[in-house]
Amino acid sequence: MSNNNQQQPAPVLELRNVSVGYESAHGMVQAVRNVSLKIYPNQIVGLVGESGSGKSTLGNAIMALLKNNAVLLGGEVLVQGQDVYKLNKKELRKFRWNRMSMVFQSAMNALNPVLTVEEQIADVFTYHRPAMSKKEIYDKAVALMKMVSIDPKHLKSYPHELSGGMRQRVVIAIALALEPDLVIMDEPTTALDVVVQKSILDKIKELQREKGFAVLFVSHDFSLVAELAEKVAIMYAGRFIEITDSKKLNLLERHHPYTEGLLGAIPELTAETVMIEGIPGNPPDLINLPTGCAYHPRCKYAFESCKTIHPVEKNVDGRLIACHLYEEEVVR
Amino acid sequence: MAMKQPKPQYERDLIVEVDDLVVKFQVRGVSGQQTIIPVDHVHFSIRKGEVLSLVGESGSGKSTIGRSLVRILRPSGGTIRINGNDITSIRGKELKGYRKDAQMIFQDPFSSLNPVKTVEKHLTFPLKKHQGFKGKELSQKVGELLQKVGLTPVNEIRTKFPHELSGGQRQRLAIARALAVNPKFVVADEPISMLDVSIRAGILQLMNELKNDFGLSYLYITHDLASARYFGDRIMVMYGGKVMELADSKELIKLPLHPYTRLLLAATPGSHIDMNLTDQSNEPPNLAIDRKGCPFAFRCPSATDICREEMPSLQNKSQTGEHFVACHHSL
């Protein structure tokens, strides 16, 4: 369905200085601050951050699914060159799922408990492809189930009759039903057992290679994203503090101190001796953000400039890092 | 089928000895009332000052074992001895007394604390009740505990309510509360799985420190092999209520003998094992009481007829040390 054969290197998703806030009684919660990113066809990009870092908010903002008190404060979200916030309601409903779709964290909540799997898959086609006949829709549903390795007999099942892993597979099948160019996956495997998680990730990789859609994979699990994604954006207090090639995610390379801290906090499975060190302190209050670099109160390298001057992204060995450590101009 | 499994070597320095432990539950399934057996004749022991990591997926029985050990749950069969005393079915005063010896840290620090009690109240209650502290001494003891678990500045934290604390701070409070009775043995049930990555390491480090300072023994329940290996001296892998493998942590990761351990390792990011997962790996284990054979057989790549008929016994495969594995086809 997609017509992305004009200029190949055009990004599927382009974020230009996107900022999102939540209005609250205590002031504006700055969940996403001035974020820019490009995702190209065939690419899996990981978005990693702790709770409250703004990663899910950003995912919702791309889908134009921000909830009542959340507002896009600035910037542009371009999907295949189309600014999703310039579409009217009707156009947006057509655009969503056709061009971009989303896999939500909790498969139980994403599925309707009183409809069978078949009805939920058919729903996508009856709205977006009104010309399709019942038979065509059924055949398509069977094909989708086979695609995610579920026995088509489960088309007649209700969500509660399926295991957690199967439910998440159904959600993935629905997200891919219209062959979108971009799929946003918000912690799709968080509630699942490790083995099931692995089999779902393998499935996502396989389908992605086959269909060539682009993925923004949102997760808090660093090691998981590093294995799956090609490029990883690390978020802290609503900003990208580092965007890096996933192969470079090790302590031998130079990183943002937060990335370094996270890498040092994960016990390694196979190393001879395992040393881990936590990051002191807690994630910041998003209403009263620290001045300068938001990470400075927890940073072991912090110096004077960090407290006052906001660091900008710099290219360090091919990675984007927003840290004063890598800026020669700033006087320590 | 109840197979006699070899008992671990009894040593004088054992704190926990679990022998033939069985837990059964009545559940209402699709086909009416049904008995399941989430813990199926399990033997193991924990030495003084040792951390035993218990690894498994949901439905493996790992939490049920933890709950049996602190006796929130009464086992259906077998014996649990703590320091040589049988606590399998004690009740009343005896059980209350036992709370001093064994404590539990739960997974969710958001629901394991009382929202209307201050930090101080969480700690004064066990200190008064089990240790008999009063007045100035009591308040001093609270301060010491908070300091110990890194909840500082102490005087500011004391008066706070749980909702004013972050996830990591709450888990620290839960740990302080467990320590308040001066226990000898702690069951930690997924204590870090709900915390942010940057906070997890700090909690693991704290538990490690306390182990060394107080000579504590732990049963560390987790689904994550990496942290099991980091914190545990030995790792016990369970599936469907049965022990699959039990060995020294490093050895188990380096040289897994059971196909299930290999599968778990292959699914863990950063492992050296690469394995294609079959599609049936999505189904939960059969816990029905009338099941036959090895619970892992239906998912196992190397299963044969005997696996579906007969549960293999747990055997030591190591010439020099202890490496127990329950598999008909182990390496």
Side-chain angles (χ1 to χ4, degrees), chain A residues 48-53 148-151 161-169 190-203 219-228 236 258 261-283 285 298, chain B residues 30 55-60 150 165-169 192-206 208 222-232 239 249-250 253-254 260 263-285 299:
Chain A
V48 194
E50 297 181 80
S51 38
S53 62
V148 292
S149 309
I150 305 181
D151 190 328
E161 295 171 312
L162 304 177
S163 71
M166 281 160 90
R167 266 182 240 144
Q168 198 55 273
R169 280 163 189 262
T190 302
L192 304 172
D193 272 325
V194 273
V195 177
V196 181
Q197 165 172 302
K198 169 81 171 158
S199 72
I200 296 225
L201 292 178
D202 287 352
K203 192 85 223 172
S219 175
H220 70 280
D221 191 336
F222 216 52
S223 29
L224 190 148
V225 170
E227 281 210 346
L228 181 79
Y236 188 80
Y258 177 61
L262 285 178
L263 286 170
I266 305 164
E268 226 182 292
L269 189 62
T270 49
E272 199 45 47
T273 48
V274 194
M275 284 281 290
I276 56 167
E277 198 183 337
I279 302 175
N282 290 298
D285 175 358
R298 298 174 76 185
Chain B
V30 198
V55 179
E57 296 175 273
S58 32
S60 63
L165 305 178
S166 69
Q169 285 177 319
I192 57 165
S193 66
M194 295 208 24
L195 304 176
D196 274 320
V197 179
S198 73
I199 306 297
R200 287 180 185 180
I203 298 290
L204 275 182
Q205 276 173 315
L206 172 65
N208 222 351
T222 181
H223 64 273
D224 170 32
L225 274 169
S227 75
R229 190 214 136 163
Y230 169 76
F231 188 43
Y239 186 81
S249 300
K250 266 192 193 166
I253 303 289
K254 217 190 265 174
Y260 178 61
L263 177 69
L264 267 185
L265 266 170
T268 308
S271 86
H272 54 290
I273 294 179
D274 208 15
M275 203 166 150
N276 273 334
L277 305 182
T278 47
D279 288 332
Q280 70 261 36
S281 41
N282 283 322
E283 276 176 56
R299 274 170 80 174

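What you see is a predicted model, and the numbers here were worked out from it, not measured in a lab. Below, chains carry the letters A, B, ... as their sequence lines are ordered, and counting in each starts from 1. Scope of the values below: all heavy atoms of this structure, side chains included, with no hydrogens, waters or symmetry mates.
For a residue to count as touching a neighbouring chain, one of its non-hydrogen atoms must lie under 4.5 Å from one of that chain's; by this rule B/I253 touches chain A with the side chain only. Of the two parts of B/S58, the backbone and the side chain both hold a non-hydrogen atom closer than 4.5 Å to a non-hydrogen atom of chain A. Looking at A/I266, only its side chain comes within 4.5 Å of chain B, counting heavy atoms on both sides. At a 4.5 Å heavy-atom cutoff, the contact between A/E227 and chain B is made by side-chain atoms alone. With a 4.5 Å cut-off on non-hydrogen atoms, B/I203 does not touch chain A at all.
Taking every heavy atom of both residues into account, A/S149 and A/R169 meet most closely at CB-NH1, 3.6 Å.
The residue among A/L262, A/L228, A/D193, A/I279 with the most heavy atom pairs within less than 4.5 Å of chain B is A/D193.
Atom CG of B/L265 sits about 5.0 Å away from atom CG of B/L225, to the nearest 0.5 Å.
No side-chain heavy atom of A/E268 sits under 4.5 Å from any side-chain heavy atom of B/Y230.
The closest side-chain donor-acceptor pair between B/S227 and B/R200, if any, does not fall under 3.5 angstrom.
The side chain to side chain contact (heavy atoms under 4.5 Å, CB included) check on B/S193 picks up B/Q107, B/E190, B/H223, with sequence neighbours excluded.
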